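Sharing a structure, written as structure tokens. Questions coming.
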There are 2 protein chains.
Amino acid sequence: MFSRACEYSIRATILIATHSMVGERVSLKDIARKTDSPLAFTGKVLQQLVKGGIVTSVQGVNGGFEIGQKQMEETRLSQIVAAIDGEQIFRACGLGLQACNAKKPCPLHDKFASIRNDLKTMLEGTSILDLSTGLKDGLTFLQR
Amino acid sequence: MFSRACEYSIRATILIATHSMVGERVSLKDIARKTDSPLAFTGKVLQQLVKGGIVTSVQGVNGGFEIGQKQMEETRLSQIVAAIDGEQIFRACGLGLQACNAKKPCPLHDKFASIRNDLKTMLEGTSILDLSTGLKDGLTFLQR
DNA sequence: TTAAACTCGGATAAATTTGTCCTGTTTAAA
DNA sequence: TTTAAACAGGACAAATTTATCCGAGTTTAA
Ligand code: SF4
Ligand code: SF4
């Protein structure tokens, strides 16, 4: 569904948010450990998120990653996915035709577009905060 | 969403079905041309479908691929996807955790599992025949 | 001033997916 | 019996994704 890079970036962002809630920063090292992700690779995708304005990084001692209260309320999961995997997933044809076009539909169009749209709606309706509260309260998990 | 190999295999199967409806076989050459797919690679994935019992191949002059009337009615899109991409897509965690487990859910669990289930239901409820009639009648397309 | 704890970013490597090539085998018809 | 049209399948190549390595820059505190 999502690329590995995208999965890592979502897990990382959620973790960052739970720490930002209590005024802490998280280091890449901790992110990698607590989300069970490869450190250096996760560093790369986090840089993309920083450039995309989704999370903030602070260099130096006591540095790390953080996300503002407002950011975590307003940023949608769809933005993370778009920042890493691109908009493709929201628009692509289920059968791989060059462009999705309801005027000249592929055989799967109606059924596929419906689900793709549900996915889009879900991702656009879910904020980082939504995902982070459950983790903070110990109801959900980032590793298993 | 689906791998390229899977997209090719679905397009190929639908095309094969439209020909089988009128008692014809289709050659790999024609499949590649009419579905805008790389010939040799499509040949590979078709071999997987043959092994999976989804389509039948006939060697020699006037050979090609075909699919029985009953097969196209009974075979579900989910079976093609499973044959090429595996069952992963129906079971995998949206955030990439090792196994999907509602008892120890990832933060996206509820919302993701719902959509993943809709997708599964859709794929299981769609037969090759369903997809092929529209193409045969010129209402849907396999290239653009 | 120095050391330590951090992020940043380029280069490179490994793994996977996608794609091609070439040879062999089967089959029908000439 | 020969020939040509077709699938089968192994070996290899290209492209993409995933992952690692390492040196450089930044910041705080001792
Ligand atoms: S059918 Fe769905 S997937 Fe295929 S082209 Fe139309 S919208 Fe895209
Ligand atoms: S939340 Fe959804 S995706 Fe994550 S583990 Fe549970 S079922 Fe799988």
Side-chain angles (χ1 to χ4, degrees), chain A residues 1-13 15-16 19 24-67 81 83-86 88-89 92 96, chain B residues 1-13 15-16 19-20 24-67 81 83-86 88-89 92 95-96:
Chain A
M1 182 72 79
F2 306 126
S3 69
R4 277 251 188 346
C6 192
E7 292 172 350
Y8 297 152
S9 72
I10 297 172
R11 303 211 297 252
T13 304
L15 183 71
I16 293 167
H19 282 75
E24 289 173 355
R25 284 179 194 142
V26 214
S27 69
L28 176 56
K29 200 172 145 191
D30 283 353
I31 292 171
R33 189 160 39 81
K34 294 188 181 175
T35 66
D36 213 358
S37 307
L39 190 143
F41 189 67
T42 303
K44 299 284 189 205
V45 307
L46 279 175
Q47 285 176 39
Q48 287 185 254
L49 294 189
V50 169
K51 279 175 188 158
I54 291 170
V55 300
T56 307
S57 67
V58 178
Q59 289 192 330
V61 174
N62 296 325
F65 295 86
E66 60 186 23
I67 177 172
V81 172
I84 305 296
D85 283 354
Q88 271 311 93
I89 195 173
Chain B
M1 181 71 78
F2 306 125
S3 69
R4 277 248 185 356
C6 192
E7 292 172 350
Y8 297 151
S9 72
I10 297 172
R11 303 211 298 251
T13 304
L15 182 71
I16 293 167
H19 281 76
S20 287
E24 290 173 355
R25 284 180 195 141
V26 215
S27 69
L28 176 57
K29 200 172 146 193
D30 284 353
I31 292 172
R33 190 160 40 81
K34 294 188 182 175
T35 65
D36 213 359
S37 307
L39 190 143
F41 189 66
T42 301
K44 298 285 189 205
V45 308
L46 278 175
Q47 282 176 42
Q48 288 184 254
L49 293 189
V50 170
K51 277 175 190 160
I54 292 171
V55 299
T56 307
S57 67
V58 178
Q59 288 192 330
V61 174
N62 297 324
F65 294 86
E66 60 186 24
I67 176 172
V81 172
I84 305 295
D85 283 354
Q88 270 311 95
I89 196 173
L95 299 193

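As the structure is a prediction and not an experimental result, all values here were calculated from the model. In what follows, chains are A, B, ... by sequence order, proteins preceding strands, each numbered from 1.
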Does any part of the side chain of Met1(A), heavy atoms only, come nearer than 4.5 Å to the side chain of Ile89(A), both counted from C-beta?
yes
Distance-minimising heavy-atom pair for Ile16(B) and Val26(B)
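Taking every non-hydrogen atom into account, CA-CG2, 3.8 Å.
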Apply side chain to side chain contact (heavy atoms under 4.5 Å, CB included) to the pair Arg11(A) and Ile31(A), showing each step before the final yes or no.
CA-CA 9 Å; Arg11(A) 303 211 297 252; Ile31(A) 292 171; over 6 Å; no
Boundaries of the DNA chain D segment in contact with chain A, non-hydrogen, under 4.0 Å
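So the outermost contacting nucleotides come out as dT18(D) to dT28(D).
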May I ask you to test the Phe2(B)-Ile84(B) pair for a side-chain heavy-atom distance under 4.5 Å?
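Of all side-chain heavy-atom pairs linking Ile84(B) with Phe2(B), none is under 4.5 Å.
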Could you tell me the separation between the OG atom of Ser37(A) and the CD atom of Glu7(A), rounded to the nearest 0.5 Å?
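That separation rounds to 9.0 Å.
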Interatomic spacing from CD1 in Ile67(A) to CG in Leu15(A) - rounded to 0.5 Å:
11.5 Å
Where do Phe65(B) and Leu28(B) land on the side chain to side chain contact (heavy atoms under 4.5 Å, CB included) test, with the steps shown first?
CA-CA 7 Å; Phe65(B) 294 86; Leu28(B) 176 57; 4.1 Å; yes
Please tell me if Tyr8(B) has a side-chain N or O lying less than 4.0 Å from either OP1 or OP2 of dT18(C).
no
What is the per-nucleotide protein-contact pattern of nucleotides 4-17 of chain C, from the 5' end, where B denotes a base atom under 4.0 Å from a protein heavy atom, S denotes such proximity for sugar-phosphate atoms only, and - denotes neither?
BBBBBBBB------
What's the separation between atom OH in Tyr8(B) and atom OG1 in Thr13(B), rounded to the nearest 0.5 Å?
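Going from the OH atom of Tyr8(B) to the OG1 atom of Thr13(B) covers 14.5 Å.
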